[in-house]
Amino acid sequence: MRGIVFTLLVDMLEEQQGLAFLNSVLAEADLPSGGAYTSGGNYELSELNEILSCLERRLEIPVEFLLRNYGEYMLLRLAIMFPGFFEVDNLKTFLLSIDRRIHVELRKLYPDSSLPSFNYQDRGENGLTIDYRSSKKLCFLAEGLIEGAAKHFNSECSLIHSTCMHRGDDNCTFELEFYERTE
Ligand code: HEM
């Protein structure tokens, strides 16, 4: 998993919980890297899961809430780091561009990335269904990223996570409704 996923998580924890808390989590978690992350590095998914379990214990917040919160933070930071990807008219166009453009470009830049795949079902102006597939099963991170994108585009959208790999389904399904004109 690319280092940026870890460096942004570390930034969020420092901002939201303080440096002392962050350092104690990194010391307590079992991290082969020692918790010294760089955005160009690559780290095991198990390190992310280890940090999340440690946070779940310490903060008494379930991992799925932690991942949603992090996804939202991550998206707003990505918007600052990669403004070109956000030069689209609206939230729906942006969401359609993740699999068709953003993650495609990232695969070219970083061939060792392991990015999720999305299938889209366009349900007209105000509806979009996204199927998410990834061996990483980070669907709650994806939910947070979508919520962050809605904030970025100053849009309202509802999300129903109607099938889930964590409940034994083949993929996760996000059924989105947009509450504004998307054209
Ligand atoms: C709503 C928008 C987005 C969603 C739902 C989304 C979803 C995800 C998810 C769920 C992952 C975790 C890996 C996996 O599940 O296999 C991921 C990884 C990643 N995404 Fe996206 N993404 C979004 C937008 C973006 C944007 C705008 C960028 C950068 C410009 C980006 C860059 C990355 C990177 C660098 C990784 C890590 C890849 C790796 O570990 O090798 N994503 N994305």
Side-chain angles (χ1 to χ4, degrees), residues 1-82 95 98-99 102-103 106-107 110 112-118 130-152 157-176:
M1 168 141 252
R2 294 214 62 82
I4 192 171
V5 176
F6 291 85
T7 54
L8 293 180
L9 177 62
V10 162
D11 286 355
M12 181 186 83
L13 291 173
E14 184 177 349
E15 278 172 36
Q16 294 184 354
Q17 305 292 336
L19 188 57
F21 178 87
L22 166 67
N23 286 336
S24 71
V25 167
L26 294 178
E28 182 185 319
D30 179 15
L31 305 172
S33 71
Y37 300 111
T38 62
S39 58
N42 250 312
Y43 307 93
E44 294 297 321
L45 173 66
S46 56
E47 292 211 11
L48 178 64
N49 288 332
E50 181 63 31
I51 296 172
L52 290 168
S53 308
C54 189
L55 290 171
E56 182 174 50
R57 276 195 307 277
R58 293 281 202 92
L59 298 172
E60 299 183 355
I61 298 175
V63 167
E64 66 177 80
F65 288 92
L66 294 166
L67 274 173
R68 275 197 207 100
N69 181 40
Y70 175 46
E72 193 173 316
Y73 177 90
M74 183 176 164
L75 194 286
L76 296 170
R77 288 287 303 272
L78 290 172
I80 297 167
M81 296 170 75
F82 300 92
L95 294 174
I98 307 164
D99 203 62
I102 299 178
H103 283 170
L106 291 170
R107 254 182 222 109
Y110 310 109
D112 56 343
S113 287
S114 61
L115 291 153
S117 86
F118 296 107
I130 306 179
D131 286 340
Y132 161 80
R133 278 190 176 76
S134 164
S135 57
K136 296 198 171 87
K137 298 188 181 176
L138 286 170
C139 50
F140 299 112
L141 180 71
E143 272 193 36
L145 285 159
I146 294 169
E147 281 159 16
K151 270 203 177 149
H152 175 84
C157 105
S158 66
L159 185 157
I160 298 173
H161 193 151
S162 55
T163 69
C164 185
M165 291 184 277
H166 293 286
R167 298 194 303 257
D169 295 311
D170 289 343
N171 64 281
C172 294
T173 308
F174 305 125
E175 293 177 32
L176 307 177

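Treat the numbers as computed from the prediction; the structure is a model and nothing was measured. The first residue of the sequence shown is numbered 1, and numbering continues consecutively from there.
- Not counting sequence neighbours, the partners of Leu59 by the side chain to side chain contact (heavy atoms under 4.5 Å, CB included) test are Gln17, Phe21, Leu55, Ile61, Leu66.
- Here the side chains of Leu138 and Leu45 are in contact, with some heavy-atom distance below 4.5 Å.
- Qualifying side chain to side chain contact (heavy atoms under 4.5 Å, CB included) partners for Glu50, counting only residues two or more places apart in sequence or in other chains: Ala29, Asp30, Leu31.
- Here the rule is side chain to side chain contact (heavy atoms under 4.5 Å, CB included) with Leu9, and of Leu67, Ile4, Leu48 only Leu48 fits it.
- For the atom pair Ile98 CD1 and Leu145 CG, the distance stands at 7.5 Å (nearest 0.5 Å).
- Partners of Asp170 under the salt bridge (Lys or Arg N to Asp or Glu O under 4.0 Å) rule, at least two apart in sequence or in another chain, do not exist in this structure.
- For Lys136, the side-chain hydrogen bond (donor to acceptor under 3.5 Å, both in side chains) partners two or more places apart in sequence, or in a different chain, are Ser114.
- Side-chain contact between Asn69 and Gln16: present, with at least one pair of heavy atoms (C-beta onward) separated by less than 4.5 Å.
- In this structure, CE on Met12 lies 11.5 Å from CE on Met74, to the nearest 0.5 angstrom.
- Separation of atoms SG (Cys172) and NE2 (His166) is listed at 6.0 Å; rounding is to 0.5 Å.
- Listed by first and then second residue, the salt bridge (charged side-chain N to carboxylate O under 4.0 Å, His left out) pairs that reach into residues 9-24 are Asp11-Arg77, sequence neighbours excluded.
- With rounding to the nearest 0.5 angstrom, the CG atom of Leu141 is 11.5 Å from the CD atom of Glu72.
- Each ring-ring contact (aromatic ring centres under 6.0 Å, His included) pair with one or both residues in residues 33-63, not counting sequence neighbours, appears once here: Phe6-Tyr37, Phe6-Tyr43, Tyr37-Tyr43.
- Atom CG in Leu176 sits 5.5 Å away from atom CD1 in Ile146 (nearest 0.5 Å).
- Between the side chain of Tyr70 and the backbone N or O of Gly144 there is no donor-acceptor pair closer than 3.5 Å.
- Contact record, Val63 with Glu56: N-OE2, 3.2 Å, taken as the closest heavy-atom pair.
- To the nearest 0.5 angstrom, Leu13 atom CG is 9.0 Å from Tyr73 atom OH.
- When the ring-ring contact (aromatic ring centres under 6.0 Å, His included) test is applied to His161, the partners found at least two apart in sequence or on another chain are Phe140, Phe174.
- The side-chain hydrogen bond (donor to acceptor under 3.5 Å, both in side chains) check on Ser158 picks up Tyr179, with sequence neighbours excluded.
- Side-chain contact between Thr7 and Val10 is absent, with no heavy-atom pair separated by less than 4.5 Å.
- Sequence neighbours left out, not one pair with a member in residues 37-47 passes salt bridge (charged side-chain N to carboxylate O under 4.0 Å, His left out).
- For Arg57, the side chain to side chain contact (heavy atoms under 4.5 Å, CB included) partners are Glu28, Ser53, Cys54, not counting sequence neighbours.
- For the side chain to side chain contact (heavy atoms under 4.5 Å, CB included) test, residues two or more places apart in sequence or in another chain that qualify with Thr173 are Thr129, Asp131, Ser162, Thr163, Asn171, Glu175.
- Among residues at least two apart or in separate chains, salt bridge (charged side-chain N to carboxylate O under 4.0 Å, His left out) pairs with a member in residues 137-148 are Arg68-Glu143.
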